[in-house]
Q: 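Just dropping this structure here.
Just so you know, these numbers come straight off a predicted model, no measurement behind them. For reference, positions follow the sequence shown, starting with 1.
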Amino acid sequence: MKGNGIVPKWGLAVSILALLSIIIFLSSVALAQLPAGLSREETIVCDIATGRVGTPGNFNQWAGWRWPDQGLQQLIHEPLWMVDYATNEIICALATELPQYNEDFTKMIIKLRRGICWNDGVPFTADDVVYTIDLHTKTPGLLYHGPMAEFVDRVYKTDDYTVVVELKEPNSRFHTYFLDRWGCLYIMPKHIFEEVEDPVTFKFNPPVGCGPYKLLDYDPAGFWSLWELRSDWEKSPTGILYGKPEPKHVLFRAFESEEGRILAMLRHELDMGSYNAEGLKVVLSRSDTTRAWRKEWPWVVNIDPCITGVTFNNMVKPYDNREVRWALVLAINIVDYMAIAFDLMAPVSPIHLPPVPAYREAFFEPLEGWLKEFELDLGNGEKFKPYDPEVPFKIAQAAKERGFPVPEDPEVIKELFGIGWWKYAPDVAEKLLKKNGFSRGEDGKWRLPDGSLWKIQVFSATNPAHHNFRNAVAVAEQWKKFGIEASMSPTEAFDSLVLNGEFEVSTQWPAAEPWGAGVDLSRTLEPWHSSFVAPLGQPVTSVAGGSARWSNSELDEVIEELRVTDPFAVDTMITLGIEALKILVREMPTIPTYGYCGAVAWDEYYWTNYPGAENPYTQPYQHWPNFKYMLPFLEKAKK
């Protein structure tokens, strides 16, 4: 038995290449060296989740994609406000309190934290905030030019730590442009950019931020970037709020293969890494010092604020018909689906939200009674209740049969596998389809109302480890079993096809990710407003949810009410959110399947006290901007 207590009776799905890598590891006597002068005991090494940096030397995130998880958003930038979905908290970073709006939401006041300096020693003040908003309002080419030009009428300071933004129209969510949730409008250092001729082409090298670290070095080929703790770390929001980060240096590395990440962690060359499910099993089974979010199976991060699933193009027949969409839901055996999609390790969701703790309490549990009574009209007076609260226990039983160590506590089972999903009812799906003119041939295959063979091509991206790929494999298998000519089609053009509506079914996220903290669902619901529905061939503003090209007049009313309602009014937000979720269940424009799960591993050879499930003091990923708030809590391993 290894030190992490894992004895996998079911065996490991290890590729030949992974086995070869392990053999190389066992025969190796030397560890990869850090740059000269760096102590491994004082350095934490993390992978770059988005891969090799394509713009090495250019750190200007305001003008384009610059691989923010190479350390920029985690170490350099501090936002006004930060979402932490693990604690359900909005952290005031550069700001000292949540935004203050006037009664009709046409004015927003920002109170700033005192005592903060940029990493070059210049004080951070209201001038930086005013400059950032004003520059974006005036400068096409900057990423947030659109919303700043659309909404900002005037921005000014009343003192060095108070900023006032006057808006052209009411907007109770204007602050969310500055709310960091894997990206936002970060504040610019005025003293740097006011000396620049063109802020769009400026490379911002070295980057200057209010975070606790500064750039030390980077690889011109884009494989790594190295960061050093500021000597005045106490003048960063991280230092003020949480104390001194423990690692003196942070090294972000890109790996070109799963096997490379596995080997690096087994050699203690990588402290925090992201894997697919199979890679995670290999790392955990081959090392005495590695652990995951959960110390026991199913190991994975199951509180990620993202929902995976299937998206219909509602402008293409027959997917414009809600009863057809519902028939396709009922043709899915979710237990078999989950075995294919994520080895039975993820929580299912019957609604268009991830089943994270805050949403379970606010939305899932209050909705469950309604879900149990929800009915479909099959015609001829026949009704059918599709909700199945026994799904998590069916998944648990399937996991037991495969040899997984499944807990017995019913509440833990629901925490791991969700509150429920939809019944597997192919007979009911058949009734709904026949009601709408579909027919099944003597060969058992379904025909469309015009008599032609029903073929479904499910588009996904090409990475086999990605959840959209896994969803595509699983749903195509289920529909094929039902008698539809379904196939999955991974394509390099996935994003552009989905963006422009050139598909019938895809596995793009079925709903936009919510904020992850608080109970405001505006981020999830907004893409479905009728004003954002684009014709086929034209891009949508949000591919998650919005690519369904669907809207609903009742949902429009909810969204419009949200726009003029205080987002921090909890009871009202829950009431409106539940109303919207009921509409989405009834119409099912997309199919939510399971909450995104992160297969992350941490090596405790050099560092301990990561934010695991038993102590979730912050979100657990190295690529999220909250990573800097994790670093003060890490502890050096005792050897």
Q: Should the ring pair H466 and W509 be called parallel, tilted or perpendicular, given that the plane angle runs from 0 to 90° and is split at 30 and 60?
A: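 Ring orientation, 0 to 90° scale: parallel.
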Q: Would you give the length of the straight line joining atom OH of Y242 to atom CE of M630, rounded to the nearest 0.5 angstrom?
A: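 The CE atom of M630 is 12.0 Å from OH of Y242, to the nearest 0.5 Å.
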Q: What pairs with S39 under side-chain contact (heavy atoms from CB on, under 4.5 Å), at least two apart in sequence or on another chain?
A: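 Applying side-chain contact (heavy atoms from CB on, under 4.5 Å) to S39 gives E41, E42.
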Q: Do T50 and Q70 have side-chain atoms, one donor and one acceptor, less than 3.5 Å apart?
A: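 There is no such pair (donor and acceptor under 3.5 Å, judged by atom type) between the side chains of T50 and Q70.
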Q: Any side-chain donor-acceptor pair under 3.5 Å between T238 and E78?
A: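 Their side chains do contain a donor-acceptor pair, which is all the 3.5 Å distance test asks for.
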Q: Measure centre to centre between the rings of W67 and F252, then say whether the value is under 6.0 Å.
A: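 Not under 6.0 Å, so no.
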Q: With distance as the sole criterion, is a donor-acceptor pair present between the side chains of D603 and S287 under 3.5 Å?
A: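 Distance-only check fails for D603 and S287.
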Q: List the steps and the verdict of side chain to side chain contact (heavy atoms under 4.5 Å, CB included) for T55 and V53.
A: CA-CA 6 Å; T55 56; V53 177; 4.2 Å; yes
Q: With rounding to the nearest 0.5 Å, note down the distance linking CG in D271 to OG1 in T43.
A: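 Answer rounded to 0.5 Å: 9.0 Å.
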Q: Identify, with sequence neighbours excluded, every residue that meets ring pair (Phe, Tyr, Trp, His ring centres under 6.0 Å) alongside W602.
A: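 Partners of W602 under the ring pair (Phe, Tyr, Trp, His ring centres under 6.0 Å) test: Y610.
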Q: For residues I76 and Y213, report the shortest heavy-atom separation together with the two atoms involved.
A: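 Nearest heavy atoms, I76 then Y213: CD1-O, 3.3 Å.
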Q: When you compare the side chains of D180 and Y186, does any donor N or O come within less than 3.5 Å of an acceptor on the partner?
A: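 Short answer, yes.
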Q: Restricting to side-chain contact (heavy atoms from CB on, under 4.5 Å), what partner residues turn up for P464, sequence neighbours left out?
A: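 Scan of P464 (side-chain contact (heavy atoms from CB on, under 4.5 Å), adjacent residues dropped) gives F469.
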Q: Could you tell me how the ring of W182 sits relative to the ring of W65: parallel (under 30°), tilted (30 to 60°) or perpendicular (over 60°)?
A: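 The arrangement is parallel - the two ring planes meet at less than 30°.
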Q: Does a donor on one side chain and an acceptor on the other come within less than 3.5 Å for D304 and Y621?
A: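 Distance-only check passes for D304 and Y621.
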Q: Ring centres of F193 and Y131 under 6.0 Å apart?
A: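 No.
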